[in-house]
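Report on one structure; see the data block that follows.
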There are 2 protein chains.
Amino acid sequence: MPRAGLSATHIVTEAAGIADTDGIEAVSLARLAGQLGVRVPSLYKHIDGLADLRTRLAVTGVRGLTEAVAAATVGRAGRDALLACCRAYRDYAHRHPGRYAAIQRPPDPHSPADQEYREHTDALLALVLTVLRGYDLDGDDAVHAARVLRSTLHGFVALEQLGGFGLPADLETSFDRAVDTIDAGLHAPRGKDTP
Amino acid sequence: MPRAGLSATHIVTEAAGIADTDGIEAVSLARLAGQLGVRVPSLYKHIDGLADLRTRLAVTGVRGLTEAVAAATVGRAGRDALLACCRAYRDYAHRHPGRYAAIQRPPDPHSPADQEYREHTDALLALVLTVLRGYDLDGDDAVHAARVLRSTLHGFVALEQLGGFGLPADLETSFDRAVDTIDAGLHAPRGKDTP
DNA sequence: GCTTTCAAGCTAATACACTTAGCCAACGAG
DNA sequence: CTCGTTGGCTAAGTGTATTAGCTTGAAAGC
C-alpha cells in the first residue's frame with residue numbers, strides 16, 4: 001500500500017484547477033480524490049472537510065489576485081497605477097475564474113484557514129489604498145474611494161462571468177469606460193454634487 | 001389523504017422566504033417540503049427539480065428588483081432618477097438578500113423558466129437605459145454607461161453582503177460616493193481621459 | 001348522480017456526496 | 001532495530017436529489 005504523498009497545498013492546487021476549468025460547482029471531494037488517485041476519506045487527513053477546502057480555495061484566490069495587482073502596479077503612480085491595477089484585476093479573474101469565484105462566498109469561521117483569509121483580504125485592501133495614493137485622498141476619503149473602486153471591478157467581472165452583458169457592444173470599451181469613470185470620480189470634489 | 005393545494009408560485013415564494021432569512025444555501029427540497037407539510041417527491045409535480053427551482057428563484061429576484069427600481073424612478077429624470085435608482089437597487093438587495101443572491105448564479109438553460117429569466121433581465125437593462133436618458137447618451141455609449149452603473153451597484157451590494165468591507169468607515173457615505181462617481185463619470189467627455 | 005379522467009399526493013428504491021470511526025502499514029526518530 | 005506517528009484504507013451512517021410507479025381526491029362529462 002504505497003503512499004500518495006499528499007499535502008494540503010497539493011489538494012488545494014488540484015481543486016483550484018478543477019474550479020478554473022469546470023467551475024466552482026464541480027469541486028467535490030469525490031472528484032478531487034479521483035483525480036489525486038486516492039479515496040475520499042483520505043483527504044480528511046489534510047483538510048477539515050469541504051467547507052475548509054472552500055475557504056482555502058478562497059485564500060489562494062485572494063492571494064493570487066493580490067500578487068497579480070501588486071506585480072502590475074509596482075513602480076507606477078496616479079492614473080497609470082489605477083489603469084494597471086484594474087487591468088491586472090480583470091485579467092486575473094479571466095485567467096482563474098474558479099479561484100476568483102471562490103472568493104465570492106463568505107468564508108467559514110470554523111475553518112482553520114479563516115484567519116489567514118481575513119489577513120489576505122486586508123492585504124488586498126491595503127494594496128488598493130496604495131494604488132490610490134497620488135489622488136491626494138486622506139483618511140476616510142481613501143477608504144470610500146477604495147470601496148468604490150473595488151465595487152466596480154468586482155461588479156464588472158462578476159457580471160461578465162454571469163454572462164449578464166447580453167448585448168453585443170464591446171466589453172473592452174465598457175471596461176475602459178468604467179476605469180475612466182472611476183478616475184474622473186477620484187478627481188471630482190468630494191462630498192458635493194458635480195458642478 | 002387530503003391535498004395540500006400546492007402550486008409552483010407557492011413553492012417558489014416559500015423558497016424565497018428561506019433564502020431571505022437563512023441564506024441561499026439553506027434552500028433545499030427537503031426543507032422546503034418540510035415547511036410545506038408535504039413529502040419531497042411531491043414537489044416534482046410542480047417544479048422540475050432543484051435547478052429549475054433556482055432559476056425560478058432568480059426570476060422572482062430580478063422581477064422584484066425591476067419593479068422596485070421602476071417604482072422608485074417613475075417621474076424622475078437626470079441625477080434625481082439615478083440616485084433613486086441606486087437607492088432602490090441597494091434597498092431591495094438589503095430587504096431580500098436571498099432573492100438577490102439567487103440572481104447571481106447562472107440560470108439553467110434546461111429549466112422551463114430560463115427564457116422568462118432572460119426576458120426579465122432584458123427588461124431590467126431596458127429600465128436602466130431609461131434611467132440614463134437625460135445624460136444625452138446614444139447608442140453604444142448608453143450601453144457602456146448602463147454596464148458601468150450596473151457593475152458598480154452589483155459590486156457594492158455583493159461586497160456588502162460578503163462582509164468584504166471590514167473597515168469602520170460609514171457604508172452610507174461610501175455608497176453616496178459611488179453614486180457621485182457614476183454621476184460625474186456620466187457627465188465627463190467620453191472616450192478620452194479626463195482633462 | 002354516476003362514471004371517467006387527470007392531477008396531486010404518496011411509498012419505495014436508486015444514486016451520490018460528505019462525514020466519522022476505526023484499522024493497518026509505511027516512514028522517521030531514537 | 002524498535003516504536004510512535006502519520007497517512008492511507010474499509011465500513012458504516014446520514015442527508016439530499018431524483019425516478020418509477022401506485023393511489024386517491026376532485027373536477028368534468030354524461
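In the text below, chain A, chain B and the rest are named by the order of the sequence lines, each starting its count at 1.
- One interatomic measurement links the two molecules: CG of B/Asp52 to C1' of D/dA17, which rounds to 14 Å at whole-angstrom precision.
- In this entry the distance linking NE2 of A/His110 with C1' of C/dT19 reads 16 Å, nearest Å.
- Atom P of nucleotide C/dA7 and atom NE2 of B/His10 are separated by 21 Å, given to the nearest angstrom.
- Cation-pi geometry between B/Arg90 and B/Phe175 is satisfied (NZ or CZ under 6.0 Å from the ring centre, within 45° of the ring normal).
- For the pair B/Tyr44 OH and C/dC10 P, the interatomic distance rounds to 15 Å; values are reported in whole Å.
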Practice problem: Show the numbers, then the answer: is there a ring pair (Phe, Tyr, Trp, His ring centres under 6.0 Å) between B/His96 and B/Tyr100? | Solution: CA-CA 6 Å; B/His96 300 293; B/Tyr100 186 77; over 10 Å; no
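- In this structure, B/Ser42 reaches the bases: a heavy-atom distance under 4.0 Å links it to at least one base atom across the strands shown.
- In this structure, B/Lys45 places its NZ atom 16 Å from P of D/dG25, rounding to the nearest Å.
- Across the protein-nucleic acid pair, B/Arg39 atom CZ and C/dA13 atom C1' stand 15 Å apart, rounded to whole Å.
- When each of B/Pro41 and A/Ala30 is assigned the nucleotide of DNA chain C with its nearest heavy atom, B/Pro41 is the one assigned upstream, toward the 5' end.
- B/Leu50 has its CG atom 18 Å from the P atom of D/dG15, to the nearest Å.
- A donor-acceptor pair is defined here as one N or O able to donate and one able to accept, closer than 3.5 Å; no such pair exists between the side chain of B/Thr173 and the backbone of B/Ala169.
- Contacts of B/Val40 with the nucleic acid, taken as non-hydrogen atoms under 4.0 Å apart, include base atoms.
- Of the listed nucleotides (D/dC9, C/dG9, D/dA20), C/dG9 has the atom at the smallest distance from the side chain of B/Leu6.
- Taking only side-chain nitrogens and oxygens, A/His46 never comes nearer than 4.0 Å to OP1 or OP2 of D/dT6.
- Going from atom CG of A/Leu43 over to atom P of D/dC9 covers 9 Å, rounded to whole Å.
- In this structure, the side chains of A/Leu36 and A/His10 come closer than 4.5 Å at one or more pairs of heavy atoms.
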